[in-house]
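The structure presented is a predicted model; accordingly, all values stated were derived computationally and were not measured.
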Amino acid sequence: MKKILLVISAIFVLSACGSGPKIGTLMDETGDLGAYGPPIQNGVDLAVGLINDAGGINGTDVTVIHADSGTSANIATEAAGKLIEIDKVNGIVGSLSSGVTMAVAEAKTIPAGTVIISPASTSPAISVLEDNDTVFRTTVSDAAQGAVLARLAIEKGYTHCSTLYVNNPYGSGLTEIFNTTFESMGGHCEAQVPHEQEQPSYKSEIDKAITDHEPDVVIAMSYPKSAAVYLRELIEGGYSGDFMFVDGTKNQEMFDELGAAQFEGMHGTAPGATDSDAKSTFSSLYEAKYGELPSNPFIGEGFDGAILLSLAMAKAAADGHGYTIDGNSLRFVANAPGEQVGPGDMKKALDLLADGKDIDYVGVAGDQEIDANGDVSNTIEIWSIEGGTITSSGRFESP
């Protein structure tokens, strides 16, 4: 009888843990951000592979289950429901669009108490989301990017601008912070024009952005598929000013499609970290497995998110809590104090956690110190188009 009870107890524990540690992803394989999703999925797979090569969690491999966000709140919410309710994942890396992440959180992950950590959702609105400490991100808020972008615009001599921004929390938050900072520094925003995603034409929005006093610069605060349409229409319509770009339009395929020479020397911003051992190790590991590391943003952030979820599960397992991830376990592995570990130190990190020791993960995208709102305070990279290619300036700034 005792043996039977022990077997039943073991089965119950496995069931409660979803029969093993699992991470889900909500990445955009389709839709307006479809160009960004697959390389970030690669980053997640790379991270989990390192954890499993180091012995997994208590000798059990972490499983990854990928789902498509579709750059759509409806598609992503349905996918998140399956990940949580059917696949029984212990945490989710995703989504990319801020509006999608917020919709998924409010409909699925917050009610379920499931931790979600976004590598790319930058809206300041996420910082104040009533999330019961379940929504996190490995990328810096646009409260930083908007300010750095405005300073850059003033530095480049622009005094009159228009913004074309995707009509969601990402676009509206970024244009608001940019505009406030730009005008405080003496600039003037002629128009801030919202647009819906993936329209066949944006001529009415362009008419609003290009006023009687043509702006020095139009700032594309959108996603690649939509931006490609209106950038082409602006150029073909005779717009003669400059452009500036952001993380959502930092996409080499978009520039290649439009003819990158037309944007030579023009600048943009995106979350990005200074050179570090962690960044170098990640680049080498990624290139060894997948080939050239794309210039798209957020790949390292996706890697960091998967590492943090995995290490948080290891912390929970060491404490006898199965694979349950919460804000405390995430901060335990992400924040100082603790012994610093990086992407190449997963065996060391898992051994330290198994021994009850504190660790401090230093990530590809920066230190990954998680604050009370689930945010991190990393830097913004300034980039430009040089020789037809997205090129880092080597400048990484904070507000």
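- Each side chain to side chain donor-acceptor pair (under 3.5 Å) pair with one or both residues in residues 333-343, not counting sequence neighbours, appears once here: Glu339-Lys348.
- A salt bridge between Glu257 and Lys225 is absent, with no side-chain N of the basic residue lying under 4.0 Å from a carboxylate O of the acidic one.
- The salt bridge (charged side-chain N to carboxylate O under 4.0 Å, His left out) test applied to Lys156 returns no partner, not counting sequence neighbours.
- A distance-only check finds a donor-acceptor pair linking the side chain of Asp32 to the backbone of Ser226 [under 3.5 Å].
- A donor-acceptor pair shorter than 3.5 Å can be found between the side chains of Ser95 and Ser69.
- Ring centers of Tyr223 and Tyr170: under 6.0 Å apart, within the cut-off.
- Side chain to side chain, Arg137 and Ser127 meet the donor-acceptor criterion of an N or O pair below 3.5 Å.
- Residues meeting the ring pair (Phe, Tyr, Trp, His ring centres under 6.0 Å) test with Phe298, sequence neighbours left out: none.
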- Give the intermediate values and the outcome of ring-ring contact (aromatic ring centres under 6.0 Å, His included) for residues Tyr239 and Tyr230. CA-CA 11 Å; Tyr239 171 68; Tyr230 69 68; over 10 Å; no
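- A donor-acceptor contact shorter than 3.5 Å links the side chain of Thr71 to the backbone of Thr30.
- Using modelled atom types and a 3.5 Å distance limit, the side chains of Ser392 and Glu381 yield a donor-acceptor pair.
- In this structure, the ring of Tyr165 has its center no less than 6.0 angstrom from the ring center of His195.
- Evaluation of the salt bridge (charged side-chain N to carboxylate O under 4.0 Å, His left out) rule for Glu190 yields no partner, not counting sequence neighbours.
- Listed by chain and number, the residues in a side-chain hydrogen bond (donor to acceptor under 3.5 Å, both in side chains) with Asp360 amount to none (sequence neighbours excluded).
- Evaluation of the salt bridge (charged side-chain N to carboxylate O under 4.0 Å, His left out) rule for Asp207 yields no partner, not counting sequence neighbours.
- The stretch residues 330-388 participates, sequence neighbours left out, in no ring-ring contact (aromatic ring centres under 6.0 Å, His included) pair at all.
- Residues passing the side chain to side chain contact (heavy atoms under 4.5 Å, CB included) test with Asn74, sequence neighbours excluded: Ser72.
- For Asp242, the side-chain hydrogen bond (donor to acceptor under 3.5 Å, both in side chains) criterion is met by Tyr158, not counting sequence neighbours.
- Residue pairs meeting the salt bridge (Lys or Arg N to Asp or Glu O under 4.0 Å) criterion with at least one partner in residues 349-359, sequence neighbours excluded, are Lys347-Asp351.
- Ile177 pairs by the side chain to side chain contact (heavy atoms under 4.5 Å, CB included) definition with Pro124, Ala143, Thr181, not counting sequence neighbours.
- Take Lys279 and apply the salt bridge (charged side-chain N to carboxylate O under 4.0 Å, His left out) test, not counting sequence neighbours, and it matches Asp275.
- Tyr286 and Phe303 have their aromatic ring centers separated by at least 6.0 angstrom.
- The residues Asp371 and Arg331 are annotated as not salt-bridged, no charged nitrogen and carboxylate oxygen being separated by less than 4.0 angstrom.
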